[in-house]
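Structure first, then comments.
Predicted model, so just to flag it, every value in this text is computed and none were measured. Lettering of chains follows the sequences in order, A, B, ..., and the numbering in each one begins at 1. The figures here come from the full heavy-atom set of this structure, side chains too, leaving out hydrogens, waters and symmetry mates.
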Amino acid sequence: MVDRTMESPTVTEGPPLPRSFYDRPTLQVARDLLGCLLVHEPPGDAPTAGMIVEVEAYCGERDLAAHSAGGRRTARNEVMYGPPGHAYVYFTYGMHHCVNVVTRAAGVAEAILLRAALPTDGIARMRERRGLDESAPAHRLARGPGNLCRAFGIDRGANGADLVESALTIRRGRRVPPALVRRAPRIGIDYAGAYVSRPWRFLVADEPAVSARRA
DNA sequence: ATTTAGATCCTCT
DNA sequence: GAGGATCTAAATG
């Protein structure tokens with residue numbers, strides 16, 4: 001019997017998702033990421049893990065909200081153009097890191113932003129990184145893309161990391177039934193014209209770890 | 001409940 | 001030089 005009350009790591013919940021998982025239509029991958037387990041095991045640091053509960057799909061060069069919009073290929077978004085199953089990490093607003101999962105074959109610049117997770121392991125370490133005390137509930141620690149990165153200790157050092165085989169992986173977690181999946185427009189992309197209202201944000205209904213604007 | 005301002009720096013024009 | 005796939009606290013209705 002596993003004792004979860006002491007935050008014992010459950011990082012061994014199955015192997016990382018195979019690369020083929022990421023080499024599928026991006027909206028399908030986005031939906032399927034809900035319920036999966038994000039695991040970070042930095043060398044010499046405590047492992048952390050949590051269940052993904054909110055994501056946003058960014059669908060390639062046609063998507064005016066994506067960093068790859070219009071085919072702008074730069075040093076920053078280079079990883080988006082690479083093979084599937086890698087992490088695209090960028091820094092924004094002078095403060096926050098955001099982590100994405102790259103989908104589709106090399107040359108196709110699509111990715112999924114991880115917006116929120118419900119921490120399951122390493123919760124004490126996440127509180128430390130967030131600068132919060134014991135009173136902070138787990139569901140607040142990785143709510144919002146910037147907070148998620150901070151709680152998990154993800155920064156640009158993880159840019160390009162192979163999610164199939166590195167310190168940063170995604171594993172099979174809990175199956176989220178279709179009735180609990182909500183779709184909504186993406187956050188903070190007012191500049192994206194016709195793409196502003198695309199329902200490419202996926203989240204788990206009634207999940208307190210989901211960021212501010214619920215569906 | 002909703003709005004506002006401020007922190008703060010990398011990236012691209 | 002401008003603006004951004006953000007977050008929080010504080011002010012306001």
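A salt bridge is absent between Asp206(A) and Arg182(A); no separation between the charged side-chain nitrogens and carboxylate oxygens falls under 4.0 Å. Residues Arg115(A) and Glu56(A) are paired through a salt bridge, judged by an N-O separation under 4.0 Å between the basic side chain and the carboxylate. Arg171(A) and Glu41(A) are joined by a salt bridge, as a carboxylate oxygen and a charged side-chain nitrogen come within less than 4.0 angstrom of each other.
Sorted by first and then second residue, the pairs that involve residues 131-140 of chain A and meet side chain to side chain donor-acceptor pair (under 3.5 Å), not counting sequence neighbours, are Asp133(A)-Ser135(A).
Remark: Arg24(A) qualifies as a cation-pi partner of Phe21(A) under the 6.0 Å distance and 45° angle criteria applied to the six-membered ring.
When DNA chain C is scanned in the 5' to 3' direction for atoms under 4.0 Å from non-hydrogen atoms of chain A, the outermost contacting nucleotides are dG4(C) to dT8(C). Read 5' to 3', the first and last nucleotides of DNA chain B with an atom closer than 4.0 Å to a heavy atom of chain A are dA7(B) to dT13(B).
Contact annotation for Asn100(A): base contact, defined as any heavy-atom pair under 4.0 Å involving a base atom. In this structure, Arg156(A) reaches the sugar-phosphate backbone alone: every heavy-atom distance under 4.0 Å involves primed, P, OP1 or OP2 atoms, never a base. At a threshold of 4.0 angstrom between heavy atoms, the contacts of Leu113(A) include nucleobase atoms, whether or not backbone atoms are also involved. Here Arg150(A) lies out of heavy-atom contact (under 4.0 Å) with every strand.
Proximity of a side-chain donor or acceptor of His40(A) to a complementary backbone N or O of Phe152(A) within less than 3.5 Å is detected. Put simply, the side chain of Thr169(A) never gets that close to the backbone of Leu163(A): no donor and acceptor are under 3.5 Å apart. Panel note: side chain Arg130(A), backbone Ala151(A); no donor-acceptor pair is recorded below 3.5 Å. Asn77(A) contributes a side-chain N or O that, together with a main-chain N or O of Thr74(A), makes up a donor-acceptor pair within less than 3.5 Å. No donor-acceptor pair under 3.5 Å is formed between the side chain of Arg201(A) and the backbone N or O of Ile187(A). Side-chain atoms of Arg127(A) come within 3.5 Å of backbone N or O of Ala136(A) as a donor-acceptor pair.
To the nearest 0.5 Å, atom CZ of residue Arg72(A) and atom CE of residue Met80(A) are 11.0 Å apart.
Against DNA chain B, the stretch residues 81-97 of chain A makes heavy-atom approaches under 4.0 Å through Phe91(A), Tyr93(A), Gly94(A), Met95(A).
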Self-check item: Pair assignment for DNA chain B - dot-bracket with | for other-strand partners, Watson-Crick or G-U under 3.5 Å
Solution: |||||||.||||.
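Residues passing the salt bridge (Lys or Arg N to Asp or Glu O under 4.0 Å) test with Arg73(A), sequence neighbours excluded: Glu78(A).
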